Amino acid sequence: MTDKVRIGIIGAGAVSDYHHVPGINLDPRAELVSICDPNSELLAQRQSDWGKTKATTNFQEMADDPDVDAVIIATPNFTHHEIALACINGGKHVMCEKPLGLNYTESAEMYRAARDANVRHMTAFTYRFAPSMRYVKHLVESGALGVPRHFRSQRFLDWPESSWGWRQSKKLAGAGDLFDMTIHRIDFAQDLLGPIKSICGAVAQFVPRDKTAEGQPCEPSEVDDWSSLIGQFENGAVGVWEGSTLMKGYHNDGFGYEWAEVNGSEGSAAYQLTDPNNILIGKPGQTMEKLPVPEEYLVIEGSPRDPHAGVPSTVFRYDLVYEFVSAIVEERDAIPGFDHGASAQLIADSVLESFDKRTWIDINCDL
Ligand SMILES: NC(=O)C1=CN([C@@H]2O[C@H](COP(=O)(O)OP(=O)(O)OC[C@H]3O[C@@H](n4cnc5c(N)ncnc54)[C@H](OP(=O)(O)O)[C@@H]3O)[C@@H](O)[C@H]2O)C=CC1
Ligand SMILES: O=C1CO[C@H](CO)[C@@H](O)[C@@H]1O
């Protein structure tokens with residue numbers, strides 16, 4: 001490795017532009033050196049937007065490239081497994097978007113391959129990096145909320161009813177809202193309260209989504225528009241999760257409405273995506289009070305990001321790259337790793353199994 005971590009991006013679409021490239025640009029230890037996408041026109045556009053780099057339409061070329069130290073996989077879900085294994089085989093450190101695979105079997109294989117090859121691995125569970133989420137975690141761990149009893153997550157967006165592209169194909173996406181949105185919330189719930197031991201889930205499809213945004217007919221959706229679960233954590237707490245992108249009136253500049261809370265024996269704490277630099281705290285017998293998140297929780301340790309610059313609901317996402325690069329430079333595990341991605345995936349898979357069988361499912365994560 002040279003003095004900079006040389007990063008390649010595979011999948012030059014929306015999330016690379018929104019999260020990962022700004023994250024790389026902010027980190028003086030990192031450099032974007034190569035990009036990969038099947039669409040040559042997009043590659044040319046990105047080279048003009050992101051700066052001159054190598055470019056390829058074949059991920060294997062990047063996996064084999066000795067001038068790339070680490071890759072970020074930001075492609076449609078069905079490609080994550082194959083691309084990650086190729087990059088791990090090529091000795092690259094890998095950050096991969098969520099859901100890690102199309103199912104737990106794929107995700108567990110990705111984790112074991114990365115672990116055995118001794119490369120750094122990270123799942124891009126973005127919302128762990130929100131300042132108020134990080135502060136809720138501190139409050140739980142410090143005992144300030146007492147014994148945690150209850151977790152609740154609600155993620156509502158008001159997005160169009162038109163086609164969701166690859167996201168509405170079972171083969172390409174695995175599932176709908178469940179794998180796209182709720183899986184993040186399964187992850188941060190486990191980060192806050194520890195492993196989930198049993199769940200009962202349900203999903204629903206509200207609309208056919210058989211027209212593109214431009215009004216052209218297309219294949220109808222095969223996936224859920226709403227996903228939900230209730231669960232029991234190993235520590236005795238219980239949880240309830242619900243999400244959908246078709247909740248009218250929850251547009252809020254595209255950020256929707258996100259609320260997650262932990263209720264303990266001594267207090268409650270709530271995170272909101274639309275106000276991530278503040279937190280709601282409740283003490284027994286009192287009304288929830290809004291307080292600023294303390295300065296030291298606004299960015300992850302060492303991050304050069306100015307915590308007061310930019311749109312708060314957006315900019316914390318840049319800290320993902322900082323964590324990935326820190327793990328590489330410091331030769332330690334990145335958090336969240338592929339193990340966290342696989343564990344969340346097992347629970348998401350179990351939601352579908354639970355709904356199919358109309359039963360509770362016990363979780364046995366055998367990584
Ligand atoms: N962590 C987070 O908060 C977020 C995570 N995501 C996740 O990121 C991933 C990508 O989502 P998003 O950016 O919205 O999707 P996009 O469709 O906008 O971008 C994906 C890009 O990957 C390209 N691609 C497809 N197959 C390959 C391949 N084999 N090799 C290289 N590139 C390929 C696509 O090309 P083409 O269109 O030609 O197929 C497209 O340009 C998903 O897994 C999604 O769940 C997304 C948003 C936020
Ligand atoms: O959190 C997220 C924001 O929206 C994206 C598009 O649906 C998701 O894929 C992503 O996980």
Side-chain angles (χ1 to χ4, degrees), residues 8-23 34-46 55-63 71-87 95-102 106-107 110 122-130 133 153 155-160 163-169 171-188 209 223-225 227 243-246 254-256 258 260 273 313-321 323-324 336 340-341 344-345 348:
I9 285 186
I10 306 181
V15 73
S16 292
D17 194 45
Y18 188 41
H19 298 184
H20 303 311
V21 172
S34 184
I35 59 176
C36 169
D37 196 280
N39 180 341
S40 312
E41 273 173 33
L42 180 62
L43 284 176
Q45 181 60 49
R46 291 315 197 193
T56 172
T57 55
N58 179 359
F59 68 81
Q60 190 63 51
E61 241 177 63
M62 196 183 289
V71 299
I72 297 175
I73 302 173
T75 51
N77 306 348
F78 73 102
T79 64
H80 293 176
H81 176 256
E82 183 188 11
I83 297 177
L85 293 186
C87 293
M95 171 152 74
C96 182
E97 273 300 343
K98 43 52 62 181
L100 198 52
L102 281 183
E106 282 193 2
S107 302
M110 292 161 73
M122 179 166 171
T123 307
F125 281 133
T126 313
Y127 303 91
R128 280 195 187 211
F129 294 83
M133 181 60 69
S153 156
R155 177 63 170 141
F156 285 172
L157 290 139
D158 179 355
W159 284 359
S163 167
W164 232 5
W166 62 263
R167 281 184 168 82
Q168 63 179 29
S169 154
K171 220 170 86 189
L172 307 185
D177 185 80
L178 177 64
F179 282 15
D180 202 50
M181 296 288 183
T182 295
I183 199 158
H184 284 290
R185 282 87 212 169
I186 293 170
D187 170 69
F188 64 58
R209 296 183 187 265
V223 300
D224 54 288
D225 290 318
S227 58
S244 176
T245 58
L246 296 181
F255 289 116
E258 173 165 29
L273 174 60
S313 305
T314 295
V315 292
F316 65 81
R317 300 160 198 257
Y318 310 156
D319 284 353
L320 271 120
V321 167
E323 167 61 11
F324 182 46
H340 301 102
Q345 183 94 49

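Keep in mind that what you see is a predicted model, and the values were worked out from it rather than measured. Indexing begins at 1, ligand by ligand and atom by atom, following the structure's order. Numbers here are sequence positions counted from 1.
For atom 8 (O) of ligand 1, the closest non-hydrogen atom of the protein is E97 CG, 3.1 Å. Of all protein heavy atoms, the one closest to atom 46 (C) of ligand 1 is R167 NH2, 3.4 Å. In terms of protein heavy atoms, atom 19 (O) of ligand 1 is closest to G13 CA, 3.3 Å. In terms of protein heavy-atom proximity, atom 32 (N) of ligand 1 is nearest to P38 CD, 3.2 Å. Ranking protein heavy atoms by distance to atom 29 (N) of ligand 1, first place goes to I83 CD1, 3.9 Å. Considering only non-hydrogen protein atoms, atom 23 (C) of ligand 1 sits nearest to D37 OD2, 3.2 Å. Nearest protein heavy-atom neighbour of atom 13 (O) of ligand 1: V15 N, 2.9 Å. Among protein heavy atoms, the minimum distance from atom 3 (O) of ligand 1 is reached at T126 OG1, 2.9 Å.
Here the OH-CE distance, from Y127 to M181, works out to 6.0 Å after rounding to the nearest 0.5 Å.
Under the 4.0 Å criterion applied to side-chain N and carboxylate O atoms, R167 and D180 are assigned as salt-bridge partners. Taking a cutoff of 4.0 Å between a charged side-chain nitrogen and a carboxylate oxygen, K98 and D187 do not qualify as a salt bridge.
Within the 4.0 Å heavy-atom criterion, neither part of R317 lies near ligand 1.
Heavy-atom proximity to atom 18 (O) of ligand 1, evaluated over S40, A14, G174, is greatest for A14. Between atom 26 (N) of ligand 1 and the options G165, P76, A12, A74, the minimum heavy-atom separation is to P76.
Looking at heavy atoms from C-beta onward, M133 lies out of side-chain contact with F316 at the 4.5 angstrom threshold. Contact of the S16 side chain with the I72 side chain is not registered, since no non-hydrogen atoms from C-beta on lie closer than 4.5 Å. Looking at E97 and T75, their side chains never come closer than 4.5 Å, going by heavy atoms from C-beta outward. Residues H80 and L100 form no side-chain contact, since every pair of their non-hydrogen atoms from C-beta on lies 4.5 Å or further apart. When side chains are defined from C-beta on, H20 counts as touching M95, because their heavy atoms get closer than 4.5 Å.
Residue L42 approaches ligand 1 through these ligand atoms, each under 4.0 Å from one of its heavy atoms: 41 (O). Listed by atom number, the atoms of ligand 1 under 4.0 Å from I10 heavy atoms are 30 (N), 31 (C). Numbered from 1 in the order shown, with element, the atoms of ligand 1 that lie under 4.0 Å from a heavy atom of D180 read 45 (O). Near A124, with a cut-off below 4.0 Å to any heavy atom, the atoms of ligand 1 are 1 (N).
Protein heavy atoms are absent from the space less than 4.0 angstrom from atom 37 (O) of ligand 1.
For T56 (side chain) and N58 (main-chain N/O), a donor-acceptor pair under 3.5 Å exists by modelled atom type. In this structure, the side chain of S244 engages the main chain of D225 through a donor-acceptor pair within 3.5 Å. Within the 3.5 Å criterion, the main-chain N or O of F129 finds no donor-acceptor partner in the side chain of R317. Here the side chain of R46 pairs a donor or acceptor atom with the backbone of A12 at under 3.5 angstrom.
Under a cut-off of 6.0 angstrom, the local environment of CD in Q60 is crowded, with over 12 non-hydrogen atoms contributed by other residues, nucleotides or ligands.
Listed by chain and residue number, the protein contacts of ligand 2 are K98, Y127, W159, R167, D180, M181, H184 (heavy atom within 4.0 angstrom).
Considering backbone and side-chain atoms alike, K98 places an N or O below 3.5 Å from some N or O of ligand 1. Among the atoms of S16, none of the N or O lies under 3.5 angstrom from an N or O of ligand 1. Here's the thing with F59: none of its N/O atoms is less than 3.5 angstrom from an N/O atom of ligand 1.
The minimum heavy-atom distance between I183 and A348, with the atom names listed, is CD1-CB, 4.0 Å. Closest approach of D224 to G176, counting heavy atoms only: OD1-N, 2.8 Å. Of all non-hydrogen atoms in Y318 and P22, the two that sit nearest each other are CE2-CB, 3.5 Å.
Put simply, no part of E82 is less than 4.0 Å from ligand 1, judged by heavy atoms. The closest approach between W166 and ligand 1 falls below 4.0 Å for a heavy atom of the residue. At least one heavy atom of H80 sits closer than 4.0 Å to an atom of ligand 1.
In this structure, a donor-acceptor pair under 3.5 Å is absent between the side chains of D177 and T245.
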